[in-house]
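Report on the following structure.
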Amino acid sequence: MNRILEFDCSCPTTETRLFCEELFRRIPRNKGLSSSVSGGSSDYQELRKKKKYTLLDAGDEEERSNVGVGNEKKDSGESGNGRRRYRKRRQEEEDEEEETRFQHQTKEEEMKDKMVRRFKDTMKSEIVALREASRARYLKDRVKKKLEEIRDEIEDDDNMFGGIKLSEFETLRQNYKRRSVEVIKSRPEADKDYYEMPEAYDRDGVINQDKRFAAAVQRYKEPGETGGKMNSFRDQEVWEENQIGKATVKFGSKDKKTKSDDYQYVFDNQIVFTKTSVMDGEKYENDLCSDRQQESQSRDKLTLFTKHQDQRRNLPIYHYREELLKAIKDHQILVVVGETGSGKTTQLPQYLHEAGYTEHGKKIACTQPRRVAAMSVAARVSKEMGVKLGHEVGYSIRFEDCTSNKTVLEYMTDGMLLREFLVDPQLSSYSVVMVDEAHERTISTDILFGLLKDLSRSRSDLKLLISSATLDAEKFSDYFDRAPIFKIPGRRFPIDVLNTKAPEPDYLDAAVSTVLQIHVTQQQGDILVFLPGQEEIESAEEILKHRIRGLRSKIAELIICPVYGNLPTDLQVKIFEPTPEGARKVVLATNIAETSLTIDGIKYVVDPGFCKLKSYNPRTGMDSLLVHPISKASAMQRAGRSGRTGPGLCYRLYTSYNYQNDMEENTVPEIQRTNLANVILTLKNLGIHDVVHFDYMDPPPVEVIVQALELLTVLGALDIKGELTLVGRRMAEFPVDPMLSKMIIASEKYRCSEEVITIAAMLDVGNSIFYRPKNKQVLADNAKMNFYTENCGDHIALLKVYNSWKEAAFSTQWCFENFIQVRSMKRARDIRDQLEGLLERVGIMVTSSADDLDAVKKAIISGFLPHSAKLDKFGLYQTFKNRQTVHIHPSSGLAQSLSRCIIYHELVLTTKEYTRQVTEVNPQWLVEIAPHYYSQKDVEALKLKKMARGEGRATQG
DNA sequence: GAGCACTGC
């Protein structure tokens, strides 16, 4: 009894649920049908107004009022009829009992007493069944009412949309309704509108409860079921969803704006795609099958180690093992081409190890462009070899050296190998160097190319492997003295590439439309959309949400996951969560998803063909971060993201003509579009004097090299002959930009190294310290302004942020409270620790200037002396040297104030020329600190202007 | 009152 009552309480719409269970039980299950039946041509709200539905509504109200009210109250209403009768009877019986207690004389009375006691015994066990029977009867009535409702709907539909052509969904829905009616009608006695209480008493006057309830329960039993209870919740949910859909959404032929012969869903700007090409998969499926077989066979019998060995044998590269080893033996340099999944990164070093290249204490190095890749690959290989990570197989990345003297296979970031060159220019501990993902052309990789090529001439025993994706293999081969190319097939499913028929004027809108198009017309599979930046992702998210709002009950659930670098990690994790059944995930990502993140289950890629690209202008010394069309290689890479777990589809929002004729083959390598000051300093430190004629694979513009040389000279890292000075040598020790390292070196003079390395670390992590969520911008801004005090710029604010965090014991909670990104702070701490260690190495004491912020500012000037600007008479800033108009970025604490002379960390062209991370300084200090760069005249002029402006203001006031 | 792709030492 309790069980039933509790159940009633916890489920406010039990009647509804049971009704619907009954309904669904009787109707043949058809998933597609039941999900498409949602919504209705007639508007539920309007239906509610009609009189014939008031009865139903009253029932609904009653259900609602029953929620949370005591159980007793449940006995009211239609469901209580039987119970009321029963109660009445019970009361009578009780009265009789009272009577017998006093009289108790005749036999007749004794018999009566006996009967009552028997009745009471059976009461407890039967009351449960009685309630159920009563409820079942109520449900029967509901079925009838619902049936009536559906009939009316059909009638309405016929009247309203009789002559209009319906969409497939609407037709389906109507058919579904008609079928529902037929099915219910064909049920025996469905239309009988009275209920017979079975005979309760036998002829001899004895109550026969079995007989009484058996009949009531019988009708609501499913064949084969043991009890009359129904317990499917899923169908209930489906039905409720449909009801909600009816109540909130208007949809149907009447809402149709344009008349077309046939349609499913009408979008204002439906995009027409043409299939232009197919990227073939490479004999994947057979492999996969054998993979699975192998896996299932080996799961129980084999150990983990042998299982790994089995998997190794199934990789495409396995068939080429001997040939590869022979090629490596015969040639000093080999270009290996293998697409994702070929197994080159994990297998090649192992083959070399097995072939004896690690004898005599030599190691094999394999470089990766990213830290995560180096770590995860090393972990994988150590498992395959059955050794502990850090022993025979290790990795070495910044802040983390996971190797030992036993290590023979060393995975490392490319920057790390570059640092290794500084220590040991002969790389004498390595027998093989493999540069993986060479096609990514990071700066470090490009510099490594030149150094390794040179080294290979002096060290004939050193084997060099350059591994890359297909496209530019010939280029690598040409560069490395026509080294042979070894091709390994990849493992990928075929991908259909679709291009638009006409160019799309608004890629954002087109991307959103395409996503919806895919969502309603294509089968299961997640969607990945590439967008240039955070802003575009956020607006795409909003538009998408807005557009599916009106369709929620018509289409499957669409889960929107934004991903970009600055997104806090805990929000990034969302994209890896498996998509729930029946739903679809759409990932809105920046280029982060092109190489850095791999998301499982992506079947559709939407590629608008743009990305943000940073490029450097040596004349203005300014970086620009602007939206550019992507390259063909990049487009291929993006498309490839869809074919990882099954055949994929790539929707390109540009024409195939654009692709063929307007897009570059490859993205301009980083080395040709970056400030090279750091690279030049590194090369100089390696003893390469002629940096202009260094063997670059793609030489950077000479202007950029010259400008870098100039800067290094100004900073005192190079002397007049272009040779590295002591200052330059010390600067090169620090793995940061030359301006930052100069600032650190200068902190020795101003006795504030403690503060300066903190600022350097905070500047180095970039602009991801403060987090500003869209819905809490004011709060976030207020929290940020707490770190700004009088006479305090962005640099000092960063210092305060770090120190406050330190005082809060590096607390994560503190970060949340202050809208600070923990991830960035942890990184800043790592960098700071590293810098602190390096201070010692170059012989600088860690000293604090305490509260003397001027000392800190002077150290900043020493590093960033070309980055100064002054306020002109129009209230705009002009750089001292280039006379270029710049603006203080609104995110800066100084954006509102007018400081007459500022030092900035960087200058980036986005919508305007913005200086970021700004501090006000005394112009006189510029001359003091850098008399070789600033003349007294520059500063005097500023003073005069200031006076003139002051007077102007005075007269105005 | 703007908006910052991704890396690496």
Side-chain angles (χ1 to χ4, degrees), chain A residues 367-374 396-401 412-423 437 440-448 530-539 563-567 589-597 610-615 623-628 630 634 637 667 669-671 673-674 678-679 681-682 685 731-738 740-741 761 764-774 777-778 780-781 821 824 827 830-831 834-835 838 887-893 895-896 906 908-917:
Chain A
T367 72
Q368 296 290 322
R370 277 170 294 279
R371 294 159 48 94
V372 188
S396 161
I397 56 179
R398 189 182 182 182
F399 312 127
E400 218 181 321
D401 183 6
M412 50 170 72
T413 47
D414 45 14
M416 210 63 191
L417 188 64
L418 204 55
R419 285 270 141 185
E420 192 93 25
F421 257 104
L422 290 171
V423 184
E437 314 285 352
E440 287 196 26
R441 301 292 304 276
T442 66
I443 289 197
S444 304
T445 304
D446 268 22
I447 302 293
L448 277 177
F530 284 100
L531 293 168
Q534 180 183 343
E535 201 194 354
E536 288 85 350
I537 288 173
E538 280 172 355
S539 40
V563 188
Y564 44 87
N566 250 353
L567 195 74
T590 60
N591 257 2
I592 195 169
E594 201 177 296
T595 47
S596 310
L597 292 180
F610 292 100
C611 70
K612 267 192 180 154
L613 210 62
K614 196 168 177 175
S615 47
D623 274 320
S624 58
L625 191 65
L626 301 173
V627 177
H628 282 272
I630 58 167
S634 195
Q637 176 76 22
T667 313
E670 204 184 351
I671 199 165
R673 50 183 174 88
T674 338
N678 203 13
V679 170
L681 184 64
T682 309
N685 198 25
M731 278 167 62
E733 286 294 323
F734 293 91
V736 290
D737 229 48
L740 283 173
S741 56
D764 204 41
V765 293
N767 305 302
S768 53
I769 303 280
F770 298 101
Y771 180 54
R772 197 165 181 249
K774 260 210 145 139
Q777 290 183 346
V778 180
D781 288 346
Q821 295 219 46
S824 304
R827 191 175 155 80
D830 284 341
I831 298 173
Q834 191 186 28
L835 294 177
L838 291 167
H887 309 265
I888 296 180
H889 195 275
S891 65
S892 164
Q896 308 295 338
E906 58 180 354
V908 180
L909 172 69
T910 52
T911 50
K912 279 183 187 171
E913 296 84 355
Y914 282 113
T915 58
R916 294 202 288 233
Q917 316 293 17

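The sequence lines fix the lettering, A, B, ..., with proteins before strands; numbering per chain opens at 1. Every heavy atom of this structure was used, including side-chain atoms; hydrogens, water molecules and symmetry mates were not. Computed from a predicted model, the values in this text were never measured in an experiment.
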Per [X] side chain, nearest of listed nucleotides [options]:
X	options	answer
A/Asn678	B/dC4, B/dG8, B/dA5	B/dG8
A/Ile592	B/dT7, B/dC9, B/dC4	B/dT7
A/Asp781	B/dA5, B/dG1, B/dC4	B/dG1
A/Ser891	B/dT7, B/dC9, B/dC4	B/dC4
A/Tyr914	B/dA2, B/dA5, B/dC9	B/dA2
A/Pro890	B/dG1, B/dC4, B/dA5	B/dG1
A/His889	B/dC9, B/dT7, B/dA2	B/dA2

Task: A/Leu625 versus A/Thr910, closest heavy-atom pair with distance - done: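 Smallest heavy-atom distance, with atoms named: O-CG2, 4.2 Å.
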
TODO: Locate the shortest heavy-atom distance separating A/Ile831 from A/Phe399; write the atom from each residue and the value.
DONE: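 That closest heavy-atom pairing would be CG1-CZ, 3.5 Å.
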
Open item on the list: With a 3.5 Å distance limit and no angle check, can you tell me whether A/Glu670 reaches the backbone of A/Ile443 through a side-chain donor-acceptor pair?
Closed with: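 Present.
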
TODO: For the residue pair A/Ser634 and A/Thr667, confirm or rule out a side-chain donor-acceptor distance under 3.5 Å.
DONE: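 Per modelled atom types, A/Ser634 and A/Thr667 side chains form no pair under 3.5 Å.
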
Any side-chain N or O of [X] less than 4.0 Å from the OP1 or OP2 oxygen of [N]?
X	N	value
A/Arg916	B/dA2	no
A/Thr413	B/dC9	yes
A/Lys612	B/dC4	yes
A/Ser768	B/dC4	no

[X] [atom1] to [N] [atom2]: how many Å, rounded?
X	N	atom1	atom2	answer
A/Glu440	B/dT7	CD	C1'	9 Å
A/Phe530	B/dC6	CZ	C1'	12 Å
A/Glu594	B/dC6	CD	P	12 Å
A/Leu531	B/dC4	CG	C1'	15 Å
A/Asp446	B/dT7	CG	C1'	13 Å
A/Asp737	B/dG8	CG	C1'	12 Å
A/Leu909	B/dC4	CG	P	10 Å
A/Glu536	B/dA5	CD	P	7 Å

Within the structure shown, what part of the strands sits under 4.0 Å from [X] by heavy-atom distance: base, sugar-phosphate, or nothing?
X	answer
A/Leu418	nothing
A/Thr590	sugar-phosphate
A/Thr682	nothing
A/Leu613	nothing
A/Arg398	base

TODO: Sort out for me which residue in A/Asp401, A/Thr367, A/Leu418 forms a side chain to side chain contact (heavy atoms under 4.5 Å, CB included) with A/Met412.
DONE: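 Only match with A/Met412 under side chain to side chain contact (heavy atoms under 4.5 Å, CB included): A/Thr367.
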
Task: Residue pair A/Lys612 / A/Val627, side-chain heavy-atom distance below 4.5 Å - done: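 Result yes, sub-4.5 Å side-chain heavy-atom pair found.
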
TODO: Could you say whether A/Asn591 or A/Arg827 is positioned toward the 5' end of DNA chain B, judged by the nucleotide with the nearest heavy atom to each?
DONE: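 Its nucleotide being nearer the 5' end, the pick is A/Asn591.
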
TODO: Take A/Gln834 and A/Tyr564, find for each the nucleotide of DNA chain B with the closest heavy atom, and name the residue whose nucleotide sits nearer the 5' end.
DONE: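 Mapping each residue to its closest nucleotide by heavy atoms, the 5'-most match is A/Tyr564.
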
